[in-house]
Amino acid sequence: MASVEFKTLNNGEKMPFIGIGTWQASDEEIETAIDAALEAGYRHIDTAPVYGNEQAIGRVLKRWLDAGKVKREELFIVTKLPPVANGPSDVEPTIKKSLADLQLSYVDLYLIHTPFSLYTNEDGSFKLDEEGLMTPDLRTNHAATWVEMEKLVAEGLAKSIGISNFDKEQVGRLLKTAKIRPATNQIEHHVYLQQRELVDFCNAEGIAITAYSPLGSRGIAAFNAAAGLVRDLPDLIEIPVVKEIAAAHGKSPAQVLLRWIIDTGVIAIPKSTNAGRLRENLNVFDFKLTDAEVAKLLALDQDLRVCDFAFFHGVERHPEFRFKNQYTK
Ligand SMILES: NC(=O)c1ccc[n+]([C@@H]2O[C@H](COP(=O)([O-])OP(=O)(O)OC[C@H]3O[C@@H](n4cnc5c(N)ncnc54)[C@H](OP(=O)(O)O)[C@@H]3O)[C@@H](O)[C@H]2O)c1
């Protein structure tokens with residue numbers, strides 16, 4: 001079993017540097033994958049209600065906990081307040097639903113999934129306007145939602161609280177009123193989208209960064225296609241410099257991409273449902289990149305976002321939506 005290193009968060013909690021991402025996997029795939037991940041030594045699992053798999057994950061966790069194969073305190077479970085319900089009154093009922101589905105009494109980290117919000121109908125479907133676009137919920141108030149997030153810590157429902165997809169201005173604004181500083185900001189972060197200014201700002205403020213889509217979200221093409229989006233996305237695994245560095249260390253390109261992230265103190269949550277690739281992604285603590293290799297990887301930055309949320313058609317009309325539109329000019 002791979003031995004994993006930990007990042008100490010601003011409240012003293014310890015978060016494994018590598019976790020398993022769980023977006024875009026069926027219940028069946030994720031049950032098998034979580035089993036394989038726990039066998040391989042993963043203890044950090046990243047999920048969200050919008051991934052639709054909390055119940056499946058909960059079933060595996062219950063089996064492992066009941067069998068005494070893992071202790072609750074060894075696990076680091078992250079879930080999120082969804083983009084379709086992130087007002088203050090949504091916080092407590094939504095985490096309670098996640099906890100019921102995960103069959104847990106607390107999560108280790110609860111994140112506001114996005115700084116923006118969209119309306120849904122009573123049946124959970126997106127509320128569309130007359131143009132067929134998703135309707136932005138303009139009541140968004142991060143400070144008010146954060147007050148309710150802070151209560152979760154006091155109530156013991158979340159050990160740590162944080163944010164996701166917040167830009168520098170949004171983080172700074174939240175810090176002006178927050179009594180509990182966010183433990184992490186989970187953002188897209190990889191060699192082609194390094195977001196150095198945001199990463200440095202969060203680090204200086206004691207907010208750890210979690211890198212999502214650390215391998216460039218290789219499965220997002222199908223998701224985008226289903227939403228009618230045409231995207232010419234790069235494959236980070238195929239970047240020649242990454243391949244060269246991998247060969248020099250006898251490692252895979254994915255391991256180099258992940259090692260580069262954790263070398264800078266950033267946590268990474270690669271998703272895989274393949275047992276071999278899950279082991280590969282965790283097996284990154286036994287080598288180190290040279291300064292010259294790090295410099296080559298830093299030079300790859302293209303400010304290229306793969307997960308731009310354009311699949312939420314109309315979301316760009318929300319004032320807290322800040323991702324630039326780089327695909328349709
Ligand atoms: N907060 C947010 O808004 C947000 C947004 C996006 C993602 N996330 C979180 O971050 C996690 C990771 O991001 P992601 O799923 O977008 O993308 P990712 O982890 O960058 O890439 C996953 C893709 O890479 C493949 N893969 C995994 N390991 C590999 C390896 N060693 N070699 C080659 N290919 C490999 C996977 O296929 P196989 O499964 O077939 O191995 C899958 O297609 C998500 O699952 C989710 O938990 C959060």
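What you are looking at is a predicted structure, and each value in this text was computed from that prediction instead of being measured. In each ligand, atom 1 is the first atom listed, and ligand 1 is the first ligand listed. What's counted below: heavy atoms across the whole structure, side chains too, no hydrogens, waters or symmetry copies.
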Legend entry - Protein heavy atom at shortest distance from atom 22 (C) of ligand 1: Lys271 O, 3.4 Å

Inset, instruction - For the pair Phe223 and Phe311, name the ring-plane relationship: parallel under 30°, tilted 30 to 60°, perpendicular over 60°. - result: perpendicular

Inset, instruction - May I ask you to list the atoms of ligand 1 that are less than 4.0 angstrom from any heavy atom of Tyr51? - result: 4 (C), 8 (N), 9 (C), 46 (C), 47 (O), 48 (C)

Legend entry - Ring centres under 6.0 angstrom apart (Phe126, Phe312): yes

Inset, instruction - Name the closest protein heavy atom to atom 44 (C) of ligand 1, giving the residue it belongs to and the distance to 0.1 Å. - result: Trp23 CB, 3.6 Å

Legend entry - Distance-only N or O hit between ligand 1 and Arg277, under 3.5 Å: yes

Inset, instruction - Compare all side-chain heavy atoms of Val78 with those of Asp46 and state whether any distance is below 4.5 angstrom. - result: yes

Legend entry - Polar contact flag for Ser213 and ligand 1 (N/O pairs, less than 3.5 Å): yes

Legend entry - Sub-3.5 Å N/O-N/O distance, Gly216 and ligand 1: yes

Legend entry - Axial cation check for Phe201 ring with Lys168, 6.0 Å and 45° limits: yes

Legend entry - Row check, Trp23 ring normal vs Lys271 NZ/CZ: under 6.0 Å, within 45°: no

Legend entry - Test: Glu31 and Arg63 ion pair at under 4.0 Å: yes

Inset, instruction - Please say whether the positively charged group of Lys159, taken as NZ for Lys or CZ for Arg, lies over the ring of Tyr106, i.e. under 6.0 angstrom from the six-membered ring centre and within 45 degrees of the axis. - result: yes

Legend entry - Donor on one side chain, acceptor on other, Asp90 and Thr94, under 3.5 Å: no

Legend entry - Residue part near ligand 1, for Asn165, under 4.0 Å between non-hydrogen atoms: side chain

Legend entry - N or O contact, Pro270 vs ligand 1, cut-off under 3.5 Å: no

Legend entry - is_close_aromatic(His142, Phe166), centroid dist under 6.0 Å: yes

Legend entry - Test item: Leu289 and His249 side chains (from C-beta on) under 4.5 Å apart, heavy atoms: yes

Legend entry - Nearest protein heavy atom with distance in Å, relative to atom 28 (N) of ligand 1: Asn281 ND2, 3.0 Å

Inset, instruction - Classify the contact between Pro214 and ligand 1 as side chain, backbone, both or neither, using a heavy-atom distance cut-off of under 4.0 Å. - result: both

Inset, instruction - Could you list the atoms of ligand 1 found under 4.0 angstrom from a heavy atom of His113? - result: 1 (N), 2 (C), 3 (O)

Legend entry - Asn185 and Thr210 side chains, donor-acceptor separation under 3.5 Å: no

Legend entry - Identity and separation of the nearest protein heavy atom to atom 34 (N) of ligand 1: Arg218 NH1, 2.9 Å

Legend entry - Side chain, backbone, both or neither: the part of Ala254 lying under 4.0 Å from ligand 1 by heavy atom: side chain

Legend entry - Atom indices of ligand 1 within 4.0 angstrom of Phe309 heavy atoms, with elements: 3 (O)

Inset, instruction - Compute the shortest N/O to N/O distance between Gly219 and ligand 1 and return yes if it is under 3.5 Å, no if not. - result: yes

Legend entry - Residue Ile269 vicinity, atoms of ligand 1 by number, heavy atom under 4.0 Å: 9 (C), 10 (O), 11 (C), 12 (C)

Legend entry - Aromatic ring pairing Phe323/Phe309, orientation class (parallel under 30°, perpendicular over 60°, tilted between): tilted

Legend entry - Element-labelled atoms of ligand 1 that are located less than 4.0 Å from some non-hydrogen atom of Ser217: 14 (P), 16 (O), 17 (O), 18 (P), 20 (O), 21 (O)

Legend entry - Nearest non-hydrogen protein atom, atom 7 (C) of ligand 1: Tyr212 CD1, 3.6 Å

Legend entry - Polar atom proximity, Asp46 to ligand 1 (N or O, under 3.5 Å): yes

